[in-house]
Amino acid sequence: MKLSEIKDKKPLVFNYANYVTPQFVANVVNVIGGSPIMARELEEFPDLVAASDAVVINSGTWRRSELLETIKLAQLANQAGKVVVLDPVAVGIPSRSLPVTALMADAQVDIIRGNAAEIAWFAGVDFSSQGIDATGDGDVRKIAILAAKKTGAIIALSGKQDVISDGHTTRTIDVDVPLLATNVGTGDALSALIGTYNSDGISIENTMRAMATMKLAGVKASKKVKTPGFFVNQLLDELYLLSENELDAFINGGGIHD
Ligand SMILES: Nc1ncnc2c1ncn2[C@@H]1O[C@H](COP(=O)(O)OP(=O)(O)OP(=O)(O)O)[C@@H](O)[C@H]1O
Ligand SMILES: Cc1ncsc1CCO
Ligand SMILES: [Mg+2]
């Protein structure tokens with residue numbers, strides 16, 4: 001979906017959010033023109049999935065008791081033909097791998113958005129991490145392609161270099177914006193943006209537009225402010241102000257490669 005269509009159609013994005021960053025995630029969806037809703041009550045899922053245009057599942061603060069409910073949520077979304085995005089926070093920690101493995105076995109995840117260490121786990125590649133952060137170095141393009149082939153999902157690997165791959169077609173965005181990594185929840189919000197942009201159909205193109213949106217807003221914000229506190233507010237403003245033309249110019253203008 002194009003940015004202008006998001007603003008016209010206001011897709012409803014159902015976020016099964018973690019309890020650390022839901023306010024930021026909701027604001028990012030809102031300022032771009034979508035409509036966020038958060039919930040974690042099983043009895044509400046059928047109604048909410050029916051009303052939603054995308055479902056974004058973040059496993060950042062899952063309790064085991066919520067796992068079966070989350071699988072049910074993903075299955076409901078699958079049955080209703082709604083896109084399912086997974087944000088597998090710190091999935092490489094063994095006790096966190098188990099519920100993600102269960103979800104992937106019992107429901108279809110269409111798009112996985114994670115940092116390099118999280119995506120490396122799906123690829124079966126070693127990549128160092130510390131808690132929620134990727135700290136290592138590696139061939140992120142290769143990791144994304146491998147993870148896409150292993151999971152059958154579109155992979156959105158974020159970091160200094162963003163990589164989007166379905167295992168056959170791969171795009172990269174090579175733009176360094178260190179301040180983007182200082183705000184906890186930029187990745188969570190990016191996953192929700194990916195749900196928003198893919199709400200009318202899942203594609204590499206839509207996923208790339210979502211990642212380019214966050215990166216470009218980060219580039220613009222970091223030209224104006226230099227510290228994390230101001231940056232996060234400026235980032236929201238830049239997302240709010242971003243135009244379709246600017247986004248197209250960024251996408252066509254050299255930072256993005258096949
Ligand atoms: N060094 C960097 N240079 C440029 N952009 C970055 C850098 N690190 C992260 N980003 C950007 O920050 C956003 C979030 O990606 P990141 O990989 O930090 O997610 P994450 O680790 O899941 O974050 P969080 O856990 O805080 O939600 C993406 O838009 C990504 O492009
Ligand atoms: C800090 C943190 N811990 C679990 S989820 C989360 C937010 C970043 O995803
Ligand atoms: Mg994350």
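In this chain, numbering begins with 1 at the start of the sequence shown. Both ligands and their constituent atoms are indexed starting at 1 by order of listing.
- Considering only non-hydrogen atoms, atom 25 (O) of ligand 1 lies nearest to Ile132 out of Ile132, Thr186, Leu157.
- Looking only at protein heavy atoms, the nearest one to atom 2 (C) of ligand 1 is Lys160 CA, 3.4 Å.
- Below 4.0 Å from some heavy atom of Val184 lie the following atoms of ligand 1, by number and element: 26 (O).
- With a 4.0 Å cut-off on non-hydrogen atoms, Met211 does not touch ligand 1 at all.
- Note: the hydrophobic cluster containing Phe14 does not contain Met1 (ILVMFWY, side chain heavy atoms under 4.5 Å, direct or indirect links).
- Atom 12 (O) of ligand 1 has its closest protein heavy atom at Leu180 CB, 3.5 Å.
- Closest protein heavy atom to atom 10 (N) of ligand 1: Gly159 O, 3.6 Å.
- Side-chain atoms of Asn115 come within 3.5 Å of backbone N or O of Ile132 as a donor-acceptor pair.
- When only interatomic distances are considered, the shortest N/O to N/O separation between Ala181 and ligand 1 does not fall below 3.5 Å.
- In summary, the side chains of Asp87 and Ser191 do present a donor paired with an acceptor at a separation below 3.5 Å, with no hydrogens or angles considered.
- By the neighbour-count criterion of 12 heavy atoms within 6.0 Å, atom NZ of Lys7 is densely surrounded, having more than that number from other residues, nucleotides or ligands.
- The backbone N or O of Ser52 sits less than 3.5 Å from a side-chain atom of Lys82, completing a donor-acceptor pair.
- Within ligand 2, counting atoms from 1 as listed, the ones closer than 4.0 Å to a heavy atom of Asn18 are 5 (S), 7 (C), 9 (O).
- Residue contacts with ligand 1, taken as heavy atom pairs separated by less than 4.0 Å, do not involve Val89 at all.
- Counting heavy atoms closer than 4.0 Å to ligand 1, residue Met214 contributes side-chain atoms (C-beta onward) but none from N, CA, C or O.
- Regarding atom 1 (C) of ligand 2, its nearest protein heavy-atom neighbour is Ile132 CD1, 3.8 Å.
- Near Asn183, meaning under 4.0 Å from one of its heavy atoms, ligand 1 places the atoms 26 (O).
- Scanning the protein heavy atoms around atom 4 (C) of ligand 1, the nearest turns out to be Val177 N, 2.7 Å.
- Annotation: atom 5 (N) of ligand 1 to nearest protein heavy atom, Lys215 NZ, 2.9 Å.
- Few gaps surround CG on Asp248; more than 12 heavy atoms of other groups in view lie less than 6.0 Å from it.
- For Lys10, the NZ atom counts as densely surrounded, since its 6.0 Å shell holds more than 12 non-hydrogen atoms of other residues, nucleotides or ligands.
- The backbone N or O of Gly60 sits less than 3.5 Å from a side-chain atom of Arg96, completing a donor-acceptor pair.
- Regarding atom 26 (O) of ligand 1, its nearest protein heavy-atom neighbour is Gly185 N, 2.9 Å.
- Between Asp133 and ligand 1, no pair of N/O atoms sits closer than 3.5 Å.
- Using a 4.0 Å cut-off to heavy atoms of Asp162, the atoms of ligand 1 that qualify are 30 (C), 31 (O).
- Near Val89, the atoms of ligand 2 lying under 4.0 angstrom from a non-hydrogen atom of the residue are 5 (S), 9 (O).
- With Ser59 contributing its side chain and Trp62 its backbone, the two residues share no donor-acceptor pair below 3.5 Å.
- Remark: distances from the non-hydrogen atoms of Val175 to ligand 1 include one below 4.0 Å.
- Looking only at distances, a side-chain donor or acceptor of Asn198 sits under 3.5 Å from a matching main-chain atom of Ser203.
- Regarding atom 21 (O) of ligand 1, its nearest protein heavy-atom neighbour is Asn115 ND2, 3.0 Å.
- Of the polar atoms of Asp188, at least one N or O is found under 3.5 Å from an N or O of ligand 2, judged by distance alone.
- Atom CD of Glu41 is surrounded by more than 12 heavy atoms from other residues, nucleotides or ligands within 6.0 Å.
- The shortest contact between atom 6 (C) of ligand 2 and any protein heavy atom is with Val20 CG2, 3.6 Å.
- Close contacts between ligand 1 and Leu190 involve ligand atoms 28 (C), 29 (O) [criterion: under 4.0 Å to a heavy atom].
- When hydrogens are left out, the protein atom nearest atom 1 (N) of ligand 1 is Asp176 OD1, 3.4 Å; that is the closest non-hydrogen contact.
- Residues Leu180 and Val31 are members of one and the same hydrophobic cluster, defined by side-chain heavy-atom contacts under 4.5 angstrom among Ile, Leu, Val, Met, Phe, Trp and Tyr.
- In this structure, Arg63 places its CZ atom where only 12 or fewer heavy-atom neighbours from other residues, nucleotides or ligands lie under 6.0 Å away.
- For ligand 1 and Ser158, the ligand atoms under 4.0 Å from any heavy atom of the residue are 15 (O), 16 (P), 17 (O), 19 (O), 28 (C), 30 (C).
- The shortest contact between atom 4 (C) of ligand 2 and any protein heavy atom is with Gly60 O, 3.3 Å.
- A salt bridge does not link Lys2 with Glu205: every distance from a Lys NZ or Arg NE/NH1/NH2 to an Asp or Glu carboxylate oxygen is 4.0 Å or more.
- With ligand atoms numbered from 1 in the order given, ligand 1 contributes 27 (O) to contacts under 4.0 Å with heavy atoms of Asp188.
- By the criterion of a heavy-atom distance under 4.0 Å, the side chain of Arg113, and not its backbone, is placed next to ligand 1.
- Using a 4.0 Å cut-off between charged side-chain N and carboxylate O, Asp106 and Lys72 make no salt bridge.
- Side-chain N or O atoms of Gln234 include none that pairs as donor or acceptor with a backbone N or O of Val225 at under 3.5 Å.
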